[in-house]
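First listed ligand is number 1; within each ligand, the first listed atom is number 1. Atom set for the values below is all heavy atoms of this structure, side chains included, hydrogens, waters and symmetry mates excluded. We number each residue from 1, following the sequence as shown.
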Amino acid sequence: MTELSLDAFVHAAENVPYQQVNSELIPNIDLWVRRDDLIDPIISGNKAYKLIYNLLEARKLGKDTIVTWGGAWSNHIHATAAAGQRFGFKTIGIIRGERPPVLSAMLQDAERFGMNLRFVSRQKYQQRGHQGFVESLGFSSSCYFIPEGGANYLGAQGILLMADTIQKTKPVEFDEYWVACGTGLTVGGLCVKLGEKSTVVGVPVLKAEEQIEANAQNWAATFGNGSCTCTIVRNAHLGGYAKQPKSLLGFIKLYEKYTTISLEGVYTGKTLKAITLKSEPQPSAKHCRKSVLMVHTGGLQGRRGVLCK
Ligand SMILES: *Cc1c(COP(=O)(O)O)cnc(C)c1O
């Protein structure tokens, strides 16, 4: 995408490839991966979808500055900074914690993309949901604000667009859709459009499964007719957010080699691992093996945190 337009975005989304995984690797299921990590070279994965309608709205309102927040390895911060540079918005990132002597690779990118980083104490950051938080940091209401992770109403519209695109472009009928979850917005949004005929499964990457499940059902209820329920798996976080045990890194190396699909250890590696662990040999009603689609939600720039060391 070189210009900010819905048409250009839809075009990119409709051209995202589906890749079938060698069946010898996961014999029980017919596994495909939708490569949303490839939707754009820099503004990647589900964060691109959560941003698109927010960016269009900011432009429509004539806002020149976008303010958002996140942690030192936030894919959303990275995507917002890149989008600001590409489409001509100033960007401000409110980052949790003190400024470290050496910035994370992700924040170095964000600065290079022109984002103005403002570090706030963890205590202060805790108040981000409260009224008056942004005012207390001295921002004027002329800025356009996007919450952490891009999880707002317009962010959800982008995920619904992703789900519509999947309906339109899927190469086969899928029995199950699997996706990593942080806030639960992506799984909830996919569930609205894909959950009636298929099972939509979310893999929480942090120890907050109940909260994530509640969020996902909430989003699904906001946009759906109340009939869809997504399945949120338990204990797939492997110790907690961004915890990457050696066994996970070994798994990623092996599967990257055999599938040629790049993964990272925070979201997509844990999701594929959960799929392999939970793929029971059940014939589906439609095929002799269950057909499963994993949505690759991107985040590969985060590999520099662990996998390159
Ligand atoms: C943010 C993110 C997610 C989580 O999406 P939610 O909508 O917050 O559940 C999953 N995968 C990657 C790579 C992400 O960056």
Option passing side chain to side chain contact (heavy atoms under 4.5 Å, CB included) with Lys63 (candidates Leu61, Val67, Ile66, Thr65): Leu61

For atom 7 (O) of ligand 1, closest protein heavy-atom neighbour: Thr186 OG1, 2.6 Å

Asn54 side chain to Tyr144 side chain, donor-acceptor N/O pair below 3.5 angstrom: yes

For atom 11 (N) of ligand 1, closest protein heavy-atom neighbour: Thr297 OG1, 2.6 Å

Ligand 1 contacted by Gly184 (non-hydrogen, < 4.0 Å): yes

Nearest-contact summary for atom 2 (C) of ligand 1 - protein heavy atom, Å: Lys47 NZ, 2.3 Å

Enumerated ligand 1 atoms positioned under 4.0 Å from heavy atoms of Lys50: 5 (O), 6 (P), 7 (O), 8 (O)

Residue Leu185 vicinity, atoms of ligand 1 by number, heavy atom under 4.0 Å: 7 (O), 9 (O)

Between Asp36 and Tyr49, a side-chain donor and acceptor under 3.5 Å: yes

Salt-bridge present (Arg304, Glu264; N to O < 4.0 Å): no

Heteroatom distance test (Cys181, ligand 1): nitrogen or oxygen, under 3.5 angstrom: no

Lys278 with Glu176: basic N within carboxylate O range, under 4.0 Å: no

Short N-O contact, Lys60 and Glu57, less than 4.0 angstrom: yes

Interfacing atoms of ligand 1 (cut-off 4.0 Å, heavy-atom, Gly298): 13 (C)

Taking atom 10 (C) of ligand 1 as the reference point, the nearest protein heavy atom with its distance: Tyr267 CD2, 3.2 Å

Nearest protein heavy atom with distance in Å, relative to atom 4 (C) of ligand 1: Gly182 N, 3.3 Å

Thr268-ligand 1 polar pair, N/O distance under 3.5 Å: no

Residue, atom name and distance, where the atom is the protein heavy atom closest to atom 5 (O) of ligand 1: Asn46 ND2, 3.0 Å

Asn75 neighbourhood, listing ligand 1 atoms whose heavy-atom distance to it stays under 4.0 Å: 13 (C), 14 (C), 15 (O)

Aromatic ring pairing Phe174/Tyr177, orientation class (parallel under 30°, perpendicular over 60°, tilted between): perpendicular

